There are 2 protein chains.
Amino acid sequence: MLGKKQQLLIDTTQRLLRRDARASIRRIFDKTHPADLAAVISHFDNGRRDVLFHLIERIDERAEVLSEMLHENAAEFLATMPVPEIVELLKAMENDDAADLLARLPEDLSKQVLDAIGRRDAEDLGDLMKYGEDTAGGIMTTDFIALHENLNAQEAIETIRANKDVDMAFYTYVVNDHKQLVGVLSLRKLVIVSPETVLKQIMEPNVVSVRLHTDQEDVARTVARYNLLAIPVVNDNNVLEGIVTVDDVIDVIREEATEDILKMAGAGMELVETGNVTKSVRARFPWLLVSCIGELIGAAVISPFVGQLQTHHYLALFMPIIMAMGGNIGTQSATVIVRGLATGYVDPKRMMPVFWREIRVALALGATYGLIVGGVSFAFSGGDIAYGLSVATSMVLAMCIAVTVGTLLPIILEKLHVDPAVATGPFVTSAVDVLGLLVYFVVSTALISMVQG
Amino acid sequence: MLGKKQQLLIDTTQRLLRRDARASIRRIFDKTHPADLAAVISHFDNGRRDVLFHLIERIDERAEVLSEMLHENAAEFLATMPVPEIVELLKAMENDDAADLLARLPEDLSKQVLDAIGRRDAEDLGDLMKYGEDTAGGIMTTDFIALHENLNAQEAIETIRANKDVDMAFYTYVVNDHKQLVGVLSLRKLVIVSPETVLKQIMEPNVVSVRLHTDQEDVARTVARYNLLAIPVVNDNNVLEGIVTVDDVIDVIREEATEDILKMAGAGMELVETGNVTKSVRARFPWLLVSCIGELIGAAVISPFVGQLQTHHYLALFMPIIMAMGGNIGTQSATVIVRGLATGYVDPKRMMPVFWREIRVALALGATYGLIVGGVSFAFSGGDIAYGLSVATSMVLAMCIAVTVGTLLPIILEKLHVDPAVATGPFVTSAVDVLGLLVYFVVSTALISMVQG
């Protein structure tokens with residue numbers, strides 16, 4: 001959400017831009033954090049964006065603003081600049097961001113940039129670009145400080161002094177002759193010990209690290225579990241290749257939460273950030289198809305019963321409420337389970353207590369709402385006891401079936417190694433609709449014929 | 001989720017415990033990270049938990065394990081220990097965690113502990129406990145290093161050396177005579193400059209800070225926006241009171257994502273972590289009530305039309321699919337909007353483009369599914385063109401209405417300062433159900449009478 005501060009900045013900039021008061025804008029920009037500048041710049045269309053961007057004095061500041069923008073937007077904007085400027089900006093950037101932006105440029109432009117950027121940088125970026133976007137390799141930066149285990153504290157501090165452009169230097173990693181990761185050291189420890197202490201003696205040898213191909217979600221979980229500020233990334237031979245810093249981990253956690261939420265609603269992915277209609281249609285289509293097929297099956301299943309409606313047409317009035325209440329409580333159960341699996345509160349190996357809890361919840365709520373809605377339907381039908389009983393009983397049964405489906409479906413998917421988040425949307429609701437309606441018609445047919453017979 | 005490593009640890013511990021091989025367990029625990037130990041300890045019941053906990057050698061290690069456990073569980077476990085042990089553990093803990101655990105103890109026990117803990121610690125903890133649980137004050141720690149602006153780099157480093165027990169010392173905060181926050185300095189900068197440089201000259205004077213009562217969600221957003229490792233918390237006079245570190249921010253982000261997800265499903269809060277049936281029933285009851293009332297209104301609205309069902313009972317077969325497709329696409333829209341508002345991609349002041357996009361998506365998907373389902377209903381009814389057309393037209397209209405409700409409801413709530421996450425659950429689906437069914441019956445009544453008339 002745009003904070004008040006960003007909104008104020010945008011308004012001020014807009015007003016000054018209208019008066020073409022560039023000097024004033026420059027003065028304001030000079031005092032503004034790159035993250036806020038990114039919000040301001042993103043707000044304007046391409047023409048004005050270009051003017052504003054070049055009112056930022058320093059090239060490294062410009063590069064930081066680009067890194068802070070939504071990368072899709074930043075790449076689009078970058079693509080409007082001449083190749084030498086792109087090269088200059090990418091060089092001034094943390095190289096994980098540079099690699100990500102480069103990968104989003106049109107292919108021929110990206111090739112031109114790589115040709116112009118110089119062999120060493122090109123190799124670094126090329127290396128980063130070859131790892132999957134969602135892996136440790138894809139989100140790591142290669143700007144880190146690694147020190148040989150035989151250095152002493154004094155030498156270590158001097159190396160850190162010399163590497164002024166490495167931003168995140170609160171941990172220094174210790175490597176052996178083969179560049180293999182053997183320990184970690186906080187900058188603080190370096191400051192505290194006497195200058196001639198050898199790193200090997202003071203380093204922490206139990207370093208938590210991840211592999212290049214580790215999924216970013218696992219990286220985030222590890223960083224969160226061990227309260228780290230950065231985690232080293234090693235290759236299969238334990239050679240240190242890069243680090244993932246906690247600010248990138250925060251982005252991963254938010255991104256994954258968004259993905260889970262969208263998947264649970266059956267809205268697919270990458271919907272929020274794009275204005276693209278075709279993409280949205282494509283993302284939503286399959287979920288609606290699940291629903292459509294499910295409900296068509298439902299129609300087929302209840303079709304033998306609808307003859308009932310000729311004589312008891314008020315039965316139709318309570319179809320929606322049976323479906324809705326079942327759908328809701330089923331979604332509630334599924335959501336609790338899916339989130340519990342994601343955060344670790346629910347253990348897929350110990351499901352029985354969770355399942356019983358859900359059933360008891362469903363019985364309590366089903367009895368309550370069965371009484372209410374059954375009472376209403378009894379009144380609606382002019383005092384037809386069979387009808388009131390049908391609605392009440394169906395409500396309890398439908399809600400119990402719903403929590404069963406909502407609890408079991410995510411767990412079955414988890415065991416099949418399918419992301420359980422997909423289960424809470426259309427899958428649960430269609431299954432619950434079909435089963436709930438079936439119960440409703442079977443129960444009411446039976447009860448009505450009993451009473452009448 | 002329990003990783004392989006934790007699972008292995010649990011299995012090993014279980015086996016060794018059965019053989020009562022305490023020395024072996026102690027050896028393993030000695031090499032295990034407190035976060036992993038917390039997972040192991042949490043796995044066992046209270047009796048065995050007690051045995052295992054006391055196999056951890058050092059008191060500070062024990063304290064850390066407790067901090068890493070789910071605080072509800074940790075407090076429950078703590079309450080089984082004698083007061084002197086509780087005091088010792090809390091003293092060894094970061095004081096934000098200590099205050100949180102203390103607040104979760106039974107009231108009389110918590111008072112006993114405060115009495116026994118010593119005046120200074122009790123004041124610190126008492127201070128922390130008085131801030132709201134979800135505010136900066138409630139999640140901050142008072143273990144930080146603040147240096148006077150007139151100190152020089154050499155003196156600063158010596159102070160840091162002397163405060164060995166302050167964990168997160170990568171930033172040092174600079175204060176004036178009145179303890180007001182005036183600047184920030186990275187430990188790295190201190191190491192780089194010459195020893196006699198005065199802090200005032202090298203500190204960064206633009207410090208991003210939050211107030212004691214700032215909501216934790218805003219704290220998290222600020223830390224994420226500016227890529228900070230810690231953020232200072234000040235009172236209304238800008239006096240430095242504490243810091244919130246990034247590891248706590250990560251917990252906040254995950255917690256808030258879980259809350260949003262549960263709210264969106266209408267499952268209330270605090271459901272995942274507790275096994276408590278009554279709490280679950282209470283959390284879910286109101287959402288189901290919304291749904292129940294909504295659908296009863298729906299029943300009343302469609303009741304004038306159900307007479308139709310006597311002659312055209314196949315109309316009932318397609319009620320569920322109209323409801324389900326509308327409900328799904330409406331939930332999709334609402335989810336995209338809610339998440340967009342939460343992450344800042346959707347600007348509540350510029351809604352028209354978003355709304356038009358949703359309508360175009362609904363028209364495209366509505367036309368597709370209208371054709372499919374209309375075709376099926378045409379076949380089902382034995383070639384009744386009025387019926388096929390009714391279903392197809394209703395599908396398009398219901399889906400357009402659904403995205404309208406799904407888009408506008410969250411925005412209206414946001415403007416009324418109600419959390420828009422509540423909108424995607426029962427509110428959207430009941431509104432969509434009622435309106436969708438109304439459209440379905442109005443359209444089919446009109447078309448059938450036209451064809452027959």
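So that the names make sense, note that chain A is the first sequence line, chain B the second, and so on, each numbered from 1. Not measured: the values here are computed from a predicted model.
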Could you measure the distance from the [atom1] atom of [X] to the [atom2] atom of [Y]? Nearest 0.5 Å is fine.
X        : Y        : atom1 : atom2 : result
B:Glu295 : A:Ile322 : CD    : CD1   : 10.5 Å
B:Leu229 : A:Leu229 : CG    : CG    : 5.5 Å
A:Ile372 : B:Leu296 : CD1   : CG    : 8.5 Å
A:Arg225 : B:Ile250 : CZ    : CD1   : 13.0 Å
B:Met325 : A:Leu289 : CE    : CG    : 8.0 Å
A:Asp247 : B:Leu228 : CG    : CG    : 9.5 Å

For chain A, which of [options] has the most heavy-atom pairs under 4.5 Å?
options                                : result
B:Ala224, B:Ala257, B:Cys292, B:Ala316 : B:Cys292
B:Gly298, B:Ser303, B:Ser42            : B:Ser303
B:Ile329, B:Asn206, B:Val223           : B:Ile329

Given a strict heavy-atom distance threshold of 4.5 Å, which part of [X] is in contact with chain B: side chain, backbone, both, or neither?
X        : result
A:Val376 : side chain
A:Ile302 : both
A:Thr278 : neither
A:Tyr226 : both
A:Ala324 : both
A:Val361 : both

Q.
As a quick check of understanding, evaluate side-chain contact (heavy atoms from CB on, under 4.5 Å) for B:Arg254 and A:Ile253, giving each step before the final call.
A. CA-CA 7 Å; B:Arg254 299 178 103 186; A:Ile253 291 174; 3.9 Å; yes
With a 4.5 Å limit on heavy-atom distance, are the side chains of [X] and [Y] in contact?
X        : Y        : value
A:Asn328 : B:Ser291 : yes
A:Leu437 : B:Met319 : no
A:Leu288 : B:Gln332 : yes

Sort [X] into side chain, backbone, both or neither according to what part of it lies under 4.5 angstrom from a heavy atom of chain A.
X        : result
B:Phe305 : neither
B:Glu256 : neither
B:Val354 : neither
B:Met395 : neither
B:Thr222 : neither

Q: Apply the test side-chain contact (heavy atoms from CB on, under 4.5 Å) to residues A:Val281 and B:Arg360: give CA-CA distance (whole Å), side-chain angles for both, the deciding distance (0.1 Å), then the verdict.
A: CA-CA 9 Å; A:Val281 168; B:Arg360 276 148 64 207; over 6 Å; no
Q.
For a quick test of reading the model, state the closest non-hydrogen atom pair linking B:Tyr369 to A:Phe285 and the distance between them.
A. OH-O, 2.8 Å
Q.
Is there a side-chain contact (heavy atoms from CB on, under 4.5 Å) between A:Val306 and B:Tyr314? Walk through the geometry before answering.
A. CA-CA 7 Å; A:Val306 289; B:Tyr314 41 77; 5.8 Å; no
Q) Which residues pass the salt bridge (Lys or Arg N to Asp or Glu O under 4.0 Å) test with A:Asp251, sequence neighbours left out? A) none
Q | Of B:Glu64, B:His33, B:Glu68, the residue whose pairing with A:Asn227 passes side-chain hydrogen bond (donor to acceptor under 3.5 Å, both in side chains) | A | B:Glu68
